Amino acid sequence: MSESLENAIYTSEKNGDDKTGKGTESEPLKTILRAMHHAGKEPFPPIYVDSQEAGQKYKLASKTQLKKIQKIWAREQHKNEDKQAKLQLDEEKRIKNLEEAKAIVLQEDTTLPSAVRIKIRDGEKYRSQRVKLFGWVHRLRRQGTATHVH
């Protein structure tokens, strides 16, 4: 077998499977787009599709077929690159916020009366008094770039 046939990817709309297929002649993928994902990068190896001719199981995918699907693949790659850049930027912001949060030191104001430790359910009894609440957070919702707890 020549090198190009060893690297070739086989697809079959009839018999292929994009989940379990391996891109081989005996276990083809279903779609050309999945074959491009399987290859991972350009230039793509030869991609074979079902042949309509008698006695021939596969034929090379036409240039127009490949060009059309390649545009879709390229759009997906750009979206993935943009998504990765956004994730990286978000991670950098998160690290920066974390470092800023580490610099904050909370100190109790000793000029005020000391806070009474209560549970949230007992809050009504302690209206207009200084309290320290304890409880569990059921759902934390973040808005904006920083989370503030008051």
Side-chain angles (χ1 to χ4, degrees), residues 3-50 58 60-150:
E3 186 181 331
S4 65
L5 285 179
E6 286 178 22
N7 295 330
I9 301 174
Y10 291 85
T11 66
S12 173
E13 289 288 331
K14 295 182 274 185
N15 307 316
D17 191 326
D18 280 348
K19 287 185 175 61
T20 61
K22 295 184 173 124
T24 62
E25 197 168 352
S26 58
E27 296 179 72
L29 295 165
K30 186 169 185 84
T31 62
I32 293 174
L33 183 59
R34 182 64 189 105
M36 290 177 176
H37 285 290
H38 182 75
K41 61 180 179 165
E42 297 182 76
F44 298 116
I47 297 175
Y48 287 87
V49 295
D50 292 319
Y58 293 102
L60 268 174
S62 71
K63 286 184 179 183
T64 54
Q65 256 181 320
L66 291 174
K67 189 173 183 180
K68 187 173 158 185
I69 304 296
Q70 197 166 2
K71 284 181 183 179
I72 295 168
W73 184 83
R75 268 195 307 259
E76 285 181 1
Q77 294 308 306
H78 289 300
K79 281 182 186 176
N80 286 341
E81 288 169 9
D82 291 346
K83 189 176 184 180
Q84 290 302 321
K86 185 180 181 329
L87 286 173
Q88 185 176 353
L89 186 63
D90 288 348
E91 181 63 15
E92 288 169 6
K93 282 182 184 177
R94 190 187 72 75
I95 290 169
K96 181 180 172 235
N97 287 345
L98 189 60
E99 291 304 316
E100 287 174 1
K102 286 178 184 178
I104 297 171
V105 178
L106 296 177
Q107 291 181 329
E108 188 172 350
D109 187 349
T110 54
T111 61
L112 298 171
S114 63
V116 179
R117 179 179 168 170
I118 67 165
K119 292 190 177 182
I120 293 173
R121 68 173 178 238
D122 300 328
E124 194 172 344
K125 296 177 202 168
Y126 293 90
R127 280 198 180 144
S128 72
Q129 292 182 34
R130 191 159 184 249
V131 296
K132 185 186 280 189
L133 287 177
F134 282 81
W136 293 97
V137 175
H138 180 262
R139 185 173 287 122
L140 178 65
R141 195 167 133 201
R142 300 178 125 217
Q143 293 181 323
T145 57
T147 301
H148 298 287
V149 178
H150 295 283

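Since we're looking at a predicted model, the values are computed, not measured.
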- Taking 4.0 angstrom as the limit, do Asp122 and Lys119 come out as a salt bridge? no

- Nearest heavy-atom approach of Ala8 to Tyr48 is CB-CE1, 3.6 Å

- To the nearest 0.5 Å, what is the distance between CG (Asp90) and CG (Leu87)? 6.5 Å

- Message: Between Ser12 and Lys30 (side chain of the first, backbone of the second, donor and acceptor by atom type, cut-off under 3.5 Å), is there such a pair?
- Response: no

- Can you sort out the partners of Glu81 under side-chain hydrogen bond (donor to acceptor under 3.5 Å, both in side chains), two or more places apart, ordered by chain and number? none

- Any idea which heavy atoms bring Phe44 and Gln70 closest together, and the distance? CE1-NE2, 3.8 Å

- Query: With a 4.0 Å cut-off, would you call Glu76 and Lys79 a salt bridge?
  - Reply: no

- Under 4.5 Å between any side-chain heavy atoms of Leu66 and Met36, yes or no? yes

- To the nearest 0.5 Å, what is the distance between NZ (Lys132) and CD1 (Ile118)? 12.0 Å

- Item | Exercise: identify the closest heavy-atom pair between Pro45 and Ile9 | CG-CD1, 3.7 Å

- Message: For the CD atom of Gln84 and the CG atom of Asp82, what is their distance to the nearest 0.5 Å?
- Response: 10.5 Å

- Would you call Lys96 and Glu92 a salt bridge, using N to O less than 4.0 angstrom? no

- Salt bridge flag under 4.0 Å for residues Arg130 and Glu108: yes

- Donor-acceptor contact present, side-chain Gln65 to main-chain Ser62, <3.5 Å: yes

- Message: Looking at every heavy atom in both Gly21 and Leu29, which two are closest together, and how far apart are they?
- Response: O-CD2, 3.4 Å

- Determine, for Arg94 against Glu91, whether the closest basic-nitrogen to carboxylate-oxygen distance falls under 4.0 angstrom. yes

- Task: Output the distance between atom CD1 (Ile95) and atom CD (Glu100), rounded to the nearest 0.5 Å.
- Result: 12.5 Å

- Between the side chain of Asp18 and the main-chain N/O of Thr31, is any donor-acceptor distance below 3.5 Å? yes

- Message: Can you classify the ring geometry of Tyr10 versus Tyr58 as parallel (below 30°), tilted (30 to 60°) or perpendicular (above 60°)?
- Response: perpendicular

